[in-house]
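To start, the structure itself, in structure tokens.
Residues take their numbers from the sequence shown, with the count starting at 1. We count ligands from 1, going down the list as the structure has it; atoms in each ligand are counted the same way.
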Amino acid sequence: MAVNLLKEGKLLGIPTETVYGLAGNALNTEAVLSIFKAKGRPQFDPLIVHIHDLDQVEKYAYWGDGRLKKLAERFWPGPLTLLLQKKKMIPDLVTSGSELVAIRVPSNELTLEVLRKIDFPLAAPSANPFGYVSPTSAIHVQKQLGEKIDYILDGGECKVGLESTIVGVEEDKLCVYRLGGLSLEELEKVAGKVELRINNSSDPKAPGQLKSHYAPAKKLYFGEIDKLLKEHFGKKIALIGFGEMKESADIQFNLSKDSDVDEAARNLFRILREADDSEAEIVIAGPVPEHGLGLAINDRLKRAGA
Ligand code: TXA
Ligand code: MG
């Protein structure tokens, strides 16, 4: 069923280890257009192309720098997206006119099974309305985009919970354009030093890096919790903390009681949604420790509050 819908150019909600995607045939411009439309996403924001196996890369792109292939060999299937020189068959619409295409092999068995049964790659952004928090369960997708998608594959909760880390090469330097589900420590163990080129502006090169993104509808404040609680005294607050929480508020969420950043990553987007759906007037969130996935979590919280 899922496979047939995709072959007809329809859209499918797909589970991945990072977040759920809104997938369509990457080689069919009509299908790709309907992805942009369903998400309300501007066409200058390019899409990631999903394949099932490293050997497929050469059909759609050039490997270029040897470090990129090495990273793929080590981390695929997994939360790593590579920016590679595209071949002609990838439509310009997918890359928003860029010569580079973003490619990854996701690690979810249901989705890999679908990818193996089709002879085209899947373009898939996160399955949320543009600018809102990414979905980490099928229910999140159903609630927000259910009417616009023909079918959602339910693969349970996402095991990583943060979008993929985006890596490319510029002037011989290995660069990270988006912090994500693969930590810098893991990356550098395999490929050596990387440079951070994380955007904080509205540079169309990586709009997912727009200063304000991943944002709940309620106003979110990110920073030192005790200070923020004082500033907003008297308001009904939803507080998002980590580990041992000294402060309290009307409504409380803990990203990880055991102070585990991987667990915090898995919980982050669900908790942001729950805080948004709560009776609180505002949301206050504090930073998590800056190791492993902690960097990417803080990056998302900062953008959620911008
Ligand atoms: O984990 C993920 O990467 C998820 C799952 C579904 O695979 N996908 C995802 O897609 O997060 P999306 O569209 O929400 O974010 C993709 C990011 C955007 O910031 C986009 O600008 C960047 O990747 N991107 C895509 N293609 C690009 C390209 N050719 N050059 C530069 N940046 C690109
Ligand atoms: Mg997204």
Side-chain angles (χ1 to χ4, degrees), residues 11-24 26 32 35-36 38-51 60-61 75-87 90-108 111-112 115 121-136 140-141 144-145 152-153 155 158-170 175-182 197-215 265 269 293 296 299-300 303-304:
L11 304 187
L12 184 70
I14 56 164
T16 85
E17 78 286 25
T18 59
V19 300
Y20 273 70
L22 171 57
V32 176
I35 294 175
F36 282 104
K39 246 189 94 96
R41 174 165 173 144
Q43 281 176 28
F44 61 72
D45 192 355
L47 305 178
I48 295 177
V49 169
H50 298 70
I51 55 176
Y60 309 115
F75 295 113
W76 282 355
L80 167 73
T81 292
L82 298 177
L83 291 184
L84 303 173
Q85 284 293 328
K86 82 175 192 80
K87 290 193 175 170
I90 296 288
D92 289 333
L93 186 60
V94 170
T95 66
S96 304
S98 168
E99 284 306 303
L100 300 178
V101 59
I103 299 192
R104 85 177 191 102
V105 178
S107 96
N108 174 286
T111 291
L112 285 171
L115 282 165
L122 291 177
S126 51
N128 51 283
F130 183 66
Y132 193 71
V133 181
S134 297
T136 52
H140 294 165
V141 183
Q144 289 191 303
L145 295 177
I152 301 169
L153 273 182
C158 298
K159 295 204 162 60
V160 175
L162 290 175
E163 300 83 355
S164 57
T165 301
I166 303 181
V167 178
V169 170
E170 252 179 275
C175 301
V176 168
Y177 298 95
R178 176 174 73 179
L179 295 167
L182 180 65
R197 300 239 169 131
I198 315 292
N199 267 317
N200 281 309
S201 64
S202 43
D203 181 351
K205 193 161 179 198
Q209 294 305 100
L210 286 178
K211 203 166 162 212
S212 169
H213 216 79
Y214 312 101
F269 289 145
L293 299 188
D299 169 87
R300 299 301 188 273
R303 290 174 206 280

N, O or S of Ser134 under 2.8 Å from the Mg ion (ligand 2): no
message: What I want to check is whether the side chains of Glu163 and Ser126 have a donor and an acceptor closer together than 3.5 Å.
response: no
task: State the atoms of ligand 1, each with its element, that fall below the 4.0 Å cut-off from a heavy-atom position in His50.
output: 5 (C), 6 (C), 7 (O)
task: May I ask you to test the Phe269-Asn128 pair for a side-chain heavy-atom distance under 4.5 Å?
output: no
- prompt: Is there a side-chain contact between Tyr60 and Val101, using heavy atoms and a 4.5 Å cut-off?
  reply: no
Under 4.0 Å to a heavy atom of Arg41 - the qualifying atoms of ligand 1, by number: 12 (P), 13 (O), 14 (O)
message: Quick one, Leu162 and Pro79 - any side-chain contact, counting heavy atoms below 4.5 Å?
response: no
task: Please examine the side chains of Phe75 and Thr165, heavy atoms only from C-beta on, and report whether any two atoms are closer than 4.5 Å.
output: no
Close side-chain approach of Leu100 to Thr95, heavy-atom, < 4.5 Å: no
task: State whether the shortest distance between N or O atoms of Tyr20 and N or O atoms of ligand 1 falls below 3.5 angstrom.
output: no
message: For the 3.5 Å polar cut-off, considering only N or O atoms, please tell me whether Arg178 and ligand 1 meet it.
response: yes
message: Are Arg41 and Leu47 packed together at the side-chain level, in the sense that at least one heavy-atom pair is separated by less than 4.5 angstrom?
response: yes
field: Pick from Ile35, Leu22, Asp45: the one approaching atom 18 (C) of ligand 1 most closely through a non-hydrogen atom
entry: Asp45
- request: Before giving the answer on side chain to side chain contact (heavy atoms under 4.5 Å, CB included), spell out for Ile198 and Arg178 the whole-Å C-alpha distance, their side-chain angles and the decisive distance to 0.1 Å.
  value: CA-CA 6 Å; Ile198 315 292; Arg178 176 174 73 179; 5.6 Å; no
Under 4.0 Å to a heavy atom of Val19 - the qualifying atoms of ligand 1, by number: 4 (C), 6 (C)
field: Pro135 vs Leu145 side-chain heavy atoms within contact, under 4.5 Å
entry: no
field: Contact check: Leu100 vs ligand 1, nitrogen or oxygen atoms, below 3.5 angstrom
entry: yes
- request: Flag Glu163 as yes when one of its N or O atoms lies below 3.5 Å from any N or O atom of ligand 1, and as no otherwise.
  value: no
message: If the cut-off is 4.0 Å to any non-hydrogen atom of Thr18, which atoms of ligand 1 fall inside it?
response: 1 (O), 2 (C), 4 (C), 5 (C)
query: Looking only at N/O atoms, are Thr16 and ligand 1 under 3.5 Å apart anywhere?
result: no
query: Can you list the ligand 1 atoms lying under 4.0 Å from a non-hydrogen atom of Ile166?
result: 17 (C), 22 (C), 23 (O)
- line: Per-atom filter on ligand 1: closer than 4.0 angstrom to a heavy atom of Ser164 are 1 (O), 2 (C), 3 (O)
- prompt: Using a heavy-atom cut-off of under 4.0 Å, does the side chain or the backbone of Glu17 touch ligand 1, or both, or neither?
  reply: neither
- line: One finds that the ligand 1 atoms under 4.0 Å from a non-hydrogen atom of Ala102 are 25 (C), 26 (N), 27 (C), 29 (N)
message: For the residue pair Arg104 / Thr18, report whether a side-chain donor-acceptor contact shorter than 3.5 Å exists.
response: yes
message: I'd like to check which ligand 1 atoms, numbered from 1 as shown, lie under 4.0 Å from a non-hydrogen atom of Pro125.
response: 10 (O), 12 (P), 13 (O)
